[in-house]
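Have a look at the structure below, then the notes.
Letters A, B, ... are given to chains in the order of the sequence lines, protein chains preceding strands, and every chain is numbered from 1.
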There are 2 protein chains.
Amino acid sequence: MAGRRSVAAALDTRAAIVRCAADIASVEGMEGVTIGRLAAELEMSKSGVIGHFGTKEQLQLATLEYAADRFRVRVWDPVSHRRPGLDRLLAICESWTRHEDDPGFPGGCFIAAVTFEWDGRTGPVHDALAATTKLWRRVLRREIETAVAAGELAADTDPGQVVFALEALAVGVNPARQLHGDDLAPAWALRAMHAVLGVPAPSST
Amino acid sequence: MAGRRSVAAALDTRAAIVRCAADIASVEGMEGVTIGRLAAELEMSKSGVIGHFGTKEQLQLATLEYAADRFRVRVWDPVSHRRPGLDRLLAICESWTRHEDDPGFPGGCFIAAVTFEWDGRTGPVHDALAATTKLWRRVLRREIETAVAAGELAADTDPGQVVFALEALAVGVNPARQLHGDDLAPAWALRAMHAVLGVPAPSST
DNA sequence: CCTACCGATCGGTAGG
DNA sequence: CCTACCGATCGGTAGG
(Lines give C-alpha, C1' and ligand atoms only; values in the text may rest on other atoms or scores of the structure.)
Protein backbone atom coordinates (compact mmCIF):
# COMPACT_ATOMS: atom_id res chain seq x y z
CA MET A 1 0.00 0.00 0.00
CA ALA A 2 2.69 2.46 1.00
CA GLY A 3 4.66 1.28 -2.01
CA ARG A 4 1.78 1.87 -4.38
CA ARG A 5 1.11 5.28 -2.89
CA SER A 6 4.75 6.19 -3.45
CA VAL A 7 4.69 5.14 -7.07
CA ALA A 8 1.53 7.13 -7.72
CA ALA A 9 2.93 10.14 -5.93
CA ALA A 10 6.12 9.91 -7.95
CA LEU A 11 4.11 9.88 -11.17
CA ASP A 12 2.17 12.91 -9.99
CA THR A 13 5.39 14.70 -9.22
CA ARG A 14 6.80 13.84 -12.60
CA ALA A 15 3.66 15.12 -14.32
CA ALA A 16 3.82 18.34 -12.33
CA ILE A 17 7.43 18.87 -13.36
CA VAL A 18 6.59 18.36 -17.03
CA ARG A 19 3.61 20.72 -16.87
CA CYS A 20 5.73 23.38 -15.22
CA ALA A 21 8.50 22.90 -17.78
CA ALA A 22 6.03 23.27 -20.66
CA ASP A 23 4.66 26.49 -19.18
CA ILE A 24 8.12 27.99 -18.86
CA ALA A 25 9.20 26.76 -22.30
CA SER A 26 6.18 28.36 -23.98
CA VAL A 27 7.51 31.73 -22.87
CA GLU A 28 11.29 31.38 -22.86
CA GLY A 29 11.95 28.27 -24.90
CA MET A 30 13.17 24.92 -23.67
CA GLU A 31 16.63 26.31 -22.98
CA GLY A 32 14.99 28.65 -20.50
CA VAL A 33 13.89 25.63 -18.49
CA THR A 34 16.63 25.00 -15.93
CA ILE A 35 16.60 22.35 -13.29
CA GLY A 36 17.22 24.91 -10.57
CA ARG A 37 14.30 27.01 -11.70
CA LEU A 38 11.93 24.06 -11.75
CA ALA A 39 13.12 23.09 -8.27
CA ALA A 40 12.43 26.59 -6.95
CA GLU A 41 9.02 26.84 -8.60
CA LEU A 42 7.94 23.39 -7.38
CA GLU A 43 9.64 23.77 -4.00
CA MET A 44 11.80 20.71 -4.48
CA SER A 45 15.51 20.04 -4.54
CA LYS A 46 17.33 19.99 -7.87
CA SER A 47 18.16 16.33 -7.46
CA GLY A 48 14.50 15.62 -6.81
CA VAL A 49 13.65 17.21 -10.15
CA ILE A 50 16.34 15.68 -12.33
CA GLY A 51 15.99 12.27 -10.67
CA HIS A 52 12.77 11.69 -12.60
CA PHE A 53 14.52 12.10 -15.94
CA GLY A 54 18.23 11.48 -15.57
CA THR A 55 19.35 14.26 -17.88
CA LYS A 56 18.02 17.58 -19.01
CA GLU A 57 17.63 16.26 -22.53
CA GLN A 58 15.27 13.52 -21.31
CA LEU A 59 13.28 16.18 -19.49
CA GLN A 60 13.07 18.18 -22.73
CA LEU A 61 11.87 15.12 -24.64
CA ALA A 62 9.23 14.40 -21.98
CA THR A 63 8.08 18.02 -22.12
CA LEU A 64 7.78 17.91 -25.90
CA GLU A 65 5.80 14.68 -25.67
CA TYR A 66 3.40 16.25 -23.18
CA ALA A 67 2.82 19.33 -25.33
CA ALA A 68 2.36 17.24 -28.46
CA ASP A 69 -0.24 15.16 -26.66
CA ARG A 70 -2.16 18.24 -25.60
CA PHE A 71 -2.02 19.52 -29.17
CA ARG A 72 -3.46 16.26 -30.44
CA VAL A 73 -6.24 16.26 -27.87
CA ARG A 74 -7.21 19.83 -28.65
CA VAL A 75 -6.76 19.97 -32.42
CA TRP A 76 -7.08 16.49 -33.90
CA ASP A 77 -9.38 14.56 -31.60
CA PRO A 78 -12.34 16.97 -31.93
CA VAL A 79 -12.43 16.46 -35.72
CA SER A 80 -11.96 12.70 -35.87
CA HIS A 81 -15.70 12.17 -36.40
CA ARG A 82 -15.85 14.51 -39.41
CA ARG A 83 -16.20 13.16 -42.93
CA PRO A 84 -12.77 12.63 -44.56
CA GLY A 85 -11.83 15.18 -47.19
CA LEU A 86 -12.70 18.88 -47.30
CA ASP A 87 -15.18 18.66 -44.41
CA ARG A 88 -12.55 17.35 -41.99
CA LEU A 89 -9.86 19.60 -43.47
CA LEU A 90 -11.87 22.74 -42.78
CA ALA A 91 -12.71 21.46 -39.30
CA ILE A 92 -8.98 21.03 -38.63
CA CYS A 93 -8.34 24.59 -39.80
CA GLU A 94 -10.96 25.80 -37.34
CA SER A 95 -9.81 23.78 -34.33
CA TRP A 96 -6.20 24.65 -35.15
CA THR A 97 -6.70 28.41 -35.31
CA ARG A 98 -8.87 28.17 -32.21
CA HIS A 99 -6.03 26.37 -30.45
CA GLU A 100 -3.57 29.07 -31.52
CA ASP A 101 -6.00 31.62 -30.14
CA ASP A 102 -6.01 29.92 -26.74
CA PRO A 103 -3.19 27.38 -26.62
CA GLY A 104 -3.40 26.75 -22.89
CA PHE A 105 0.19 27.84 -22.19
CA PRO A 106 1.15 31.19 -20.71
CA GLY A 107 3.55 32.02 -23.54
CA GLY A 108 1.36 30.90 -26.43
CA CYS A 109 1.67 27.78 -28.53
CA PHE A 110 4.44 25.56 -27.20
CA ILE A 111 4.96 23.79 -30.51
CA ALA A 112 5.39 27.06 -32.41
CA ALA A 113 7.92 28.41 -29.94
CA VAL A 114 9.95 25.22 -29.81
CA THR A 115 9.86 24.72 -33.58
CA PHE A 116 11.75 27.94 -34.17
CA GLU A 117 14.06 27.28 -31.26
CA TRP A 118 15.16 23.84 -32.46
CA ASP A 119 14.82 23.82 -36.22
CA GLY A 120 18.42 24.89 -36.74
CA ARG A 121 19.98 22.53 -34.20
CA THR A 122 20.82 18.87 -34.26
CA GLY A 123 20.18 16.08 -31.81
CA PRO A 124 17.36 14.06 -30.26
CA VAL A 125 15.08 17.01 -29.47
CA HIS A 126 15.30 18.31 -33.03
CA ASP A 127 14.60 14.82 -34.33
CA ALA A 128 11.62 14.24 -32.03
CA LEU A 129 10.16 17.59 -33.00
CA ALA A 130 10.57 16.82 -36.70
CA ALA A 131 8.98 13.39 -36.26
CA THR A 132 5.97 14.81 -34.42
CA THR A 133 5.25 17.60 -36.89
CA LYS A 134 5.86 15.20 -39.78
CA LEU A 135 3.08 13.03 -38.41
CA TRP A 136 0.65 15.95 -38.36
CA ARG A 137 1.68 16.96 -41.86
CA ARG A 138 0.89 13.45 -43.06
CA VAL A 139 -2.65 13.67 -41.69
CA LEU A 140 -3.17 17.03 -43.38
CA ARG A 141 -1.84 15.72 -46.67
CA ARG A 142 -4.14 12.71 -46.56
CA GLU A 143 -7.22 14.88 -46.12
CA ILE A 144 -6.10 17.17 -48.94
CA GLU A 145 -5.58 14.23 -51.29
CA THR A 146 -8.99 12.82 -50.35
CA ALA A 147 -10.59 16.18 -51.06
CA VAL A 148 -8.87 16.43 -54.44
CA ALA A 149 -9.94 12.91 -55.38
CA ALA A 150 -13.51 13.77 -54.45
CA GLY A 151 -13.46 16.91 -56.58
CA GLU A 152 -13.81 19.15 -53.51
CA LEU A 153 -10.48 20.85 -54.23
CA ALA A 154 -9.03 21.80 -57.63
CA ALA A 155 -7.37 18.95 -59.50
CA ASP A 156 -4.09 20.88 -59.80
CA THR A 157 -3.82 21.36 -56.02
CA ASP A 158 -0.26 20.74 -54.81
CA PRO A 159 -0.67 18.92 -51.46
CA GLY A 160 2.83 19.80 -50.26
CA GLN A 161 2.28 23.47 -51.03
CA VAL A 162 -1.04 23.54 -49.22
CA VAL A 163 0.29 21.70 -46.17
CA PHE A 164 3.16 24.18 -45.92
CA ALA A 165 0.85 27.18 -46.20
CA LEU A 166 -1.70 25.96 -43.65
CA GLU A 167 1.07 25.23 -41.16
CA ALA A 168 2.78 28.58 -41.68
CA LEU A 169 -0.48 30.49 -41.24
CA ALA A 170 -1.40 28.64 -38.04
CA VAL A 171 2.05 29.08 -36.52
CA GLY A 172 2.11 32.75 -37.50
CA VAL A 173 -0.79 33.52 -35.16
CA ASN A 174 1.47 33.27 -32.14
CA PRO A 175 3.94 36.10 -32.84
CA ALA A 176 1.22 38.27 -34.38
CA ARG A 177 -0.66 38.22 -31.12
CA GLN A 178 2.28 38.52 -28.79
CA LEU A 179 4.37 41.00 -30.75
CA HIS A 180 1.66 43.15 -32.29
CA GLY A 181 -1.43 42.46 -30.23
CA ASP A 182 -3.39 41.19 -33.24
CA ASP A 183 -6.42 39.68 -31.56
CA LEU A 184 -7.92 39.08 -34.99
CA ALA A 185 -4.96 36.93 -36.10
CA PRO A 186 -6.82 33.61 -35.68
CA ALA A 187 -9.65 34.85 -37.89
CA TRP A 188 -7.14 36.24 -40.39
CA ALA A 189 -5.32 32.93 -40.49
CA LEU A 190 -8.56 31.04 -41.08
CA ARG A 191 -9.49 33.34 -43.94
CA ALA A 192 -6.06 32.96 -45.53
CA MET A 193 -6.34 29.17 -45.19
CA HIS A 194 -9.53 29.27 -47.24
CA ALA A 195 -7.80 31.41 -49.88
CA VAL A 196 -4.93 28.93 -50.10
CA LEU A 197 -7.39 26.06 -50.43
CA GLY A 198 -9.31 27.98 -53.09
CA VAL A 199 -12.63 27.66 -51.27
CA PRO A 200 -14.98 30.50 -50.21
CA ALA A 201 -14.14 32.10 -46.87
CA PRO A 202 -16.59 31.67 -44.00
CA SER A 203 -18.94 34.62 -43.57
CA SER A 204 -17.63 35.42 -40.08
CA THR A 205 -15.54 34.07 -37.21
CA MET B 1 47.34 58.79 -36.59
CA ALA B 2 47.77 56.07 -34.04
CA GLY B 3 44.64 57.39 -32.32
CA ARG B 4 42.63 57.28 -35.51
CA ARG B 5 43.86 53.81 -36.32
CA SER B 6 42.76 52.66 -32.91
CA VAL B 7 39.27 54.04 -33.30
CA ALA B 8 38.88 52.42 -36.71
CA ALA B 9 40.22 49.14 -35.38
CA ALA B 10 37.80 49.29 -32.46
CA LEU B 11 34.89 49.79 -34.85
CA ASP B 12 36.06 46.85 -36.92
CA THR B 13 36.27 44.72 -33.81
CA ARG B 14 32.80 45.77 -32.75
CA ALA B 15 31.40 44.94 -36.18
CA ALA B 16 33.09 41.55 -36.10
CA ILE B 17 31.54 40.81 -32.70
CA VAL B 18 28.06 41.74 -33.93
CA ARG B 19 28.42 39.64 -37.07
CA CYS B 20 29.55 36.66 -35.03
CA ALA B 21 26.69 37.14 -32.58
CA ALA B 22 24.15 37.25 -35.40
CA ASP B 23 25.51 34.05 -36.88
CA ILE B 24 25.25 32.24 -33.57
CA ALA B 25 21.81 33.68 -32.81
CA SER B 26 20.39 32.50 -36.14
CA VAL B 27 21.05 28.94 -35.03
CA GLU B 28 20.59 28.98 -31.25
CA GLY B 29 18.77 32.19 -30.57
CA MET B 30 20.09 35.29 -28.88
CA GLU B 31 20.21 33.55 -25.51
CA GLY B 32 22.69 31.14 -27.04
CA VAL B 33 25.07 34.03 -27.60
CA THR B 34 27.28 34.19 -24.53
CA ILE B 35 30.13 36.57 -23.97
CA GLY B 36 32.51 33.72 -23.28
CA ARG B 37 31.60 31.99 -26.51
CA LEU B 38 32.11 35.13 -28.57
CA ALA B 39 35.47 35.65 -26.88
CA ALA B 40 36.58 32.12 -27.73
CA GLU B 41 35.37 32.33 -31.33
CA LEU B 42 37.02 35.71 -31.91
CA GLU B 43 40.10 34.86 -29.85
CA MET B 44 39.59 37.75 -27.49
CA SER B 45 39.09 38.11 -23.77
CA LYS B 46 35.57 38.32 -22.36
CA SER B 47 36.15 41.83 -21.13
CA GLY B 48 37.37 42.80 -24.60
CA VAL B 49 34.04 41.63 -26.01
CA ILE B 50 31.67 43.12 -23.48
CA GLY B 51 33.65 46.36 -23.27
CA HIS B 52 32.20 47.40 -26.63
CA PHE B 53 28.65 47.18 -25.36
CA GLY B 54 28.57 47.43 -21.59
CA THR B 55 25.90 44.81 -21.04
CA LYS B 56 24.68 41.72 -22.82
CA GLU B 57 21.36 43.43 -23.50
CA GLN B 58 23.10 46.21 -25.41
CA LEU B 59 24.92 43.57 -27.40
CA GLN B 60 21.59 41.91 -28.21
CA LEU B 61 20.12 45.22 -29.34
CA ALA B 62 23.15 45.91 -31.55
CA THR B 63 22.87 42.43 -33.05
CA LEU B 64 19.18 42.92 -33.80
CA GLU B 65 19.93 46.28 -35.42
CA TYR B 66 22.58 44.69 -37.61
CA ALA B 67 20.28 41.88 -38.75
CA ALA B 68 17.41 44.29 -39.39
CA ASP B 69 19.70 46.40 -41.53
CA ARG B 70 20.74 43.41 -43.58
CA PHE B 71 17.10 42.46 -44.02
CA ARG B 72 16.30 45.96 -45.26
CA VAL B 73 19.20 45.95 -47.70
CA ARG B 74 18.27 42.56 -49.09
CA VAL B 75 14.47 42.75 -49.13
CA TRP B 76 13.34 46.36 -49.29
CA ASP B 77 16.08 48.27 -51.11
CA PRO B 78 15.95 46.16 -54.30
CA VAL B 79 12.26 47.02 -54.81
CA SER B 80 12.35 50.75 -54.02
CA HIS B 81 12.38 51.63 -57.69
CA ARG B 82 9.22 49.63 -58.45
CA ARG B 83 5.90 51.33 -59.09
CA PRO B 84 3.89 51.70 -55.84
CA GLY B 85 0.97 49.33 -55.47
CA LEU B 86 0.65 45.78 -56.73
CA ASP B 87 3.84 45.92 -58.79
CA ARG B 88 6.00 46.75 -55.79
CA LEU B 89 4.00 44.46 -53.52
CA LEU B 90 4.68 41.43 -55.73
CA ALA B 91 8.33 42.44 -56.01
CA ILE B 92 8.52 42.48 -52.20
CA CYS B 93 7.00 39.00 -52.05
CA GLU B 94 9.67 37.79 -54.46
CA SER B 95 12.66 39.41 -52.74
CA TRP B 96 11.30 38.30 -49.37
CA THR B 97 10.91 34.66 -50.26
CA ARG B 98 14.28 34.78 -52.00
CA HIS B 99 15.77 36.15 -48.80
CA GLU B 100 14.18 33.36 -46.76
CA ASP B 101 15.63 30.91 -49.24
CA ASP B 102 19.13 32.27 -48.65
CA PRO B 103 19.10 34.53 -45.60
CA GLY B 104 22.87 34.82 -45.30
CA PHE B 105 22.99 33.36 -41.78
CA PRO B 106 24.05 29.81 -40.97
CA GLY B 107 20.87 29.06 -39.04
CA GLY B 108 18.41 30.63 -41.46
CA CYS B 109 16.54 33.89 -41.10
CA PHE B 110 17.70 35.72 -38.00
CA ILE B 111 14.51 37.76 -37.71
CA ALA B 112 12.30 34.67 -37.84
CA ALA B 113 14.30 32.88 -35.16
CA VAL B 114 14.42 35.86 -32.83
CA THR B 115 10.76 36.73 -33.34
CA PHE B 116 9.65 33.42 -31.85
CA GLU B 117 12.29 33.60 -29.15
CA TRP B 118 11.24 37.03 -27.88
CA ASP B 119 7.57 37.45 -28.67
CA GLY B 120 6.48 36.13 -25.29
CA ARG B 121 9.00 38.08 -23.20
CA THR B 122 9.14 41.65 -22.04
CA GLY B 123 11.87 44.25 -22.10
CA PRO B 124 13.95 46.34 -24.49
CA VAL B 125 14.78 43.53 -26.94
CA HIS B 126 11.12 42.57 -27.28
CA ASP B 127 10.21 46.20 -27.79
CA ALA B 128 12.93 46.82 -30.39
CA LEU B 129 11.88 43.71 -32.28
CA ALA B 130 8.23 44.80 -32.24
CA ALA B 131 9.16 48.30 -33.43
CA THR B 132 11.26 46.96 -36.31
CA THR B 133 8.68 44.51 -37.59
CA LYS B 134 5.94 47.10 -37.12
CA LEU B 135 7.84 49.37 -39.49
CA TRP B 136 7.95 46.67 -42.17
CA ARG B 137 4.28 45.92 -41.68
CA ARG B 138 3.50 49.58 -42.25
CA VAL B 139 5.30 49.54 -45.60
CA LEU B 140 3.42 46.42 -46.65
CA ARG B 141 0.10 47.91 -45.62
CA ARG B 142 0.78 51.08 -47.58
CA GLU B 143 1.44 49.15 -50.77
CA ILE B 144 -1.70 47.07 -50.24
CA GLU B 145 -3.83 50.16 -49.74
CA THR B 146 -2.34 51.76 -52.84
CA ALA B 147 -3.11 48.63 -54.84
CA VAL B 148 -6.70 48.56 -53.59
CA ALA B 149 -7.19 52.24 -54.40
CA ALA B 150 -5.87 51.60 -57.91
CA GLY B 151 -8.26 48.69 -58.41
CA GLU B 152 -5.37 46.21 -58.62
CA LEU B 153 -6.67 44.30 -55.59
CA ALA B 154 -10.29 43.55 -54.67
CA ALA B 155 -12.10 46.44 -52.98
CA ASP B 156 -13.02 44.29 -49.96
CA THR B 157 -9.35 43.40 -49.27
CA ASP B 158 -8.56 43.58 -45.54
CA PRO B 159 -5.05 45.10 -45.37
CA GLY B 160 -4.40 43.81 -41.86
CA GLN B 161 -5.40 40.30 -42.83
CA VAL B 162 -3.18 40.33 -45.91
CA VAL B 163 -0.19 41.75 -44.02
CA PHE B 164 -0.53 39.01 -41.41
CA ALA B 165 -0.75 36.27 -44.02
CA LEU B 166 2.21 37.45 -46.10
CA GLU B 167 4.37 37.70 -42.99
CA ALA B 168 3.34 34.28 -41.69
CA LEU B 169 4.05 32.62 -45.04
CA ALA B 170 7.48 34.23 -45.37
CA VAL B 171 8.50 33.34 -41.82
CA GLY B 172 7.22 29.78 -42.24
CA VAL B 173 9.84 29.05 -44.89
CA ASN B 174 12.54 28.82 -42.26
CA PRO B 175 11.30 25.86 -40.18
CA ALA B 176 9.94 24.09 -43.26
CA ARG B 177 13.42 23.98 -44.72
CA GLN B 178 15.32 23.21 -41.56
CA LEU B 179 12.89 20.78 -39.97
CA HIS B 180 11.53 19.02 -43.04
CA GLY B 181 14.03 19.76 -45.78
CA ASP B 182 11.42 21.48 -47.96
CA ASP B 183 13.60 23.08 -50.60
CA LEU B 184 10.45 24.13 -52.44
CA ALA B 185 9.16 26.11 -49.45
CA PRO B 186 10.10 29.53 -50.91
CA ALA B 187 8.18 28.76 -54.11
CA TRP B 188 5.27 27.40 -52.06
CA ALA B 189 5.21 30.54 -49.96
CA LEU B 190 5.21 32.76 -53.05
CA ARG B 191 2.31 30.82 -54.55
CA ALA B 192 0.33 31.06 -51.31
CA MET B 193 1.03 34.80 -51.18
CA HIS B 194 -0.59 35.18 -54.59
CA ALA B 195 -3.61 33.17 -53.43
CA VAL B 196 -3.98 35.40 -50.37
CA LEU B 197 -3.76 38.51 -52.56
CA GLY B 198 -6.28 37.01 -54.97
CA VAL B 199 -4.02 37.43 -58.00
CA PRO B 200 -2.91 34.72 -60.47
CA ALA B 201 0.13 32.73 -59.38
CA PRO B 202 3.32 33.10 -61.40
CA SER B 203 3.83 30.35 -63.97
CA SER B 204 6.99 29.06 -62.33
CA THR B 205 9.67 29.96 -59.78
C1' DC C 1 42.41 45.74 -25.49
C1' DC C 2 44.43 42.53 -21.30
C1' DT C 3 44.67 39.58 -16.57
C1' DA C 4 42.55 38.42 -12.56
C1' DC C 5 38.80 38.01 -10.14
C1' DC C 6 33.64 38.28 -8.21
C1' DG C 7 29.12 35.88 -6.79
C1' DA C 8 25.56 33.27 -9.01
C1' DT C 9 23.97 29.58 -11.50
C1' DC C 10 24.46 25.74 -14.66
C1' DG C 11 23.78 20.28 -15.19
C1' DG C 12 24.79 16.57 -12.67
C1' DT C 13 26.56 13.10 -8.90
C1' DA C 14 27.45 10.72 -4.30
C1' DG C 15 25.46 8.95 -0.59
C1' DG C 16 21.71 8.34 2.13
C1' DC D 1 12.70 12.39 -2.20
C1' DC D 2 16.86 15.00 0.61
C1' DT D 3 21.73 17.43 1.71
C1' DA D 4 26.08 18.35 0.22
C1' DC D 5 28.98 18.82 -3.17
C1' DC D 6 31.56 18.85 -8.06
C1' DG D 7 33.76 21.48 -12.10
C1' DA D 8 32.25 24.57 -15.63
C1' DT D 9 30.30 28.63 -17.17
C1' DC D 10 27.47 32.68 -16.67
C1' DG D 11 27.48 38.23 -16.89
C1' DG D 12 30.15 41.56 -15.25
C1' DT D 13 33.93 44.50 -12.68
C1' DA D 14 38.56 46.32 -11.01
C1' DG D 15 42.65 47.90 -12.36
C1' DG D 16 45.86 48.55 -15.65
- prompt: Do B:Ile24 and B:Leu38 pass the side-chain contact (heavy atoms from CB on, under 4.5 Å) test, and can you show the C-alpha distance, the side-chain angles, and the key distance before you say yes or no?
  reply: CA-CA 9 Å; B:Ile24 295 172; B:Leu38 286 171; 4.0 Å; yes
Closest non-hydrogen atom pair, A:Leu61 against A:Ala128: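 So the two residues come closest at CD2-CB, 3.7 Å.
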- prompt: What residues, two or more places apart in sequence or in another chain, satisfy salt bridge (charged side-chain N to carboxylate O under 4.0 Å, His left out) together with A:Arg142?
  reply: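 Listed in chain order: nothing, the list is empty.
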query: So which pairs with a foot in residues 161-180 of chain B pass salt bridge (charged side-chain N to carboxylate O under 4.0 Å, His left out), sequence neighbours left out?
result: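 Qualifying pairs: B:Asp101-B:Arg177, B:Arg137-B:Glu167, B:Arg177-B:Asp183.
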Under 3.5 Å, side-chain donor or acceptor atoms of residues 9-22 of chain A against the rest of the protein: list the pairs with distances, not counting sequence neighbours.
from	atom 1	to	atom 2	distance (Å)
A:Thr13	OG1	A:Ala9	O	2.9
A:Arg14	NH1	A:His52	O	3.4

- prompt: Is A:Glu94 paired with A:Arg82 through a side-chain N to carboxylate O contact shorter than 4.0 Å?
  reply: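 Salt bridge flag = no for A:Glu94 with A:Arg82.
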B/S/- contact track for nucleotides 2-16 of chain D, protein heavy atom under 4.0 Å: BB------SBBB---
Rounded distance (nearest 0.5 Å) linking atom CG of A:Asp102 with atom CZ of A:Arg74: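 The CZ atom of A:Arg74 is 5.0 Å from CG of A:Asp102, to the nearest 0.5 Å.
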task: Measure the spacing between CG of B:Leu129 and CD of B:Gln60 and express it to the nearest 0.5 Å.
output: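 Atom-to-atom, B:Leu129:CG and B:Gln60:CD are 11.5 Å apart.
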- prompt: Which dot-bracket notation, 5' to 3', represents the base pairing of DNA chain D when pairs are defined as Watson-Crick or G-U with both distances under 3.5 Å, crossing pairs as [ ], and inter-strand pairs as |?
  reply: ||||||||||||||||
message: Rounded to whole Å, please give me the gap between CG in A:Asp12 and C1' in D:dC1.
response: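 To the nearest whole Å, that distance equals 14 Å.
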message: Checking B:Glu152 against B:Arg83 for the salt bridge (charged side-chain N to carboxylate O under 4.0 Å, His left out) test, could you report, in this order, the C-alpha distance in whole Å, the side-chain angles of both residues, the deciding distance, and whether it holds?
response: CA-CA 12 Å; B:Glu152 297 167 331; B:Arg83 186 168 47 81; 3.2 Å; yes
Proximity to DNA chain C (any heavy atom under 4.0 Å), residues of residues 13-27 of chain A only: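 The stretch gives none, as no residue of it lies under 4.0 Å from the strand.
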task: Is it possible for you to check whether A:Arg121 lies under 6.0 Å from the centre of the six-membered ring of A:Trp118, through NZ or CZ, and within 45° of that ring's axis?
output: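 Satisfied, under 6.0 Å and within 45°.
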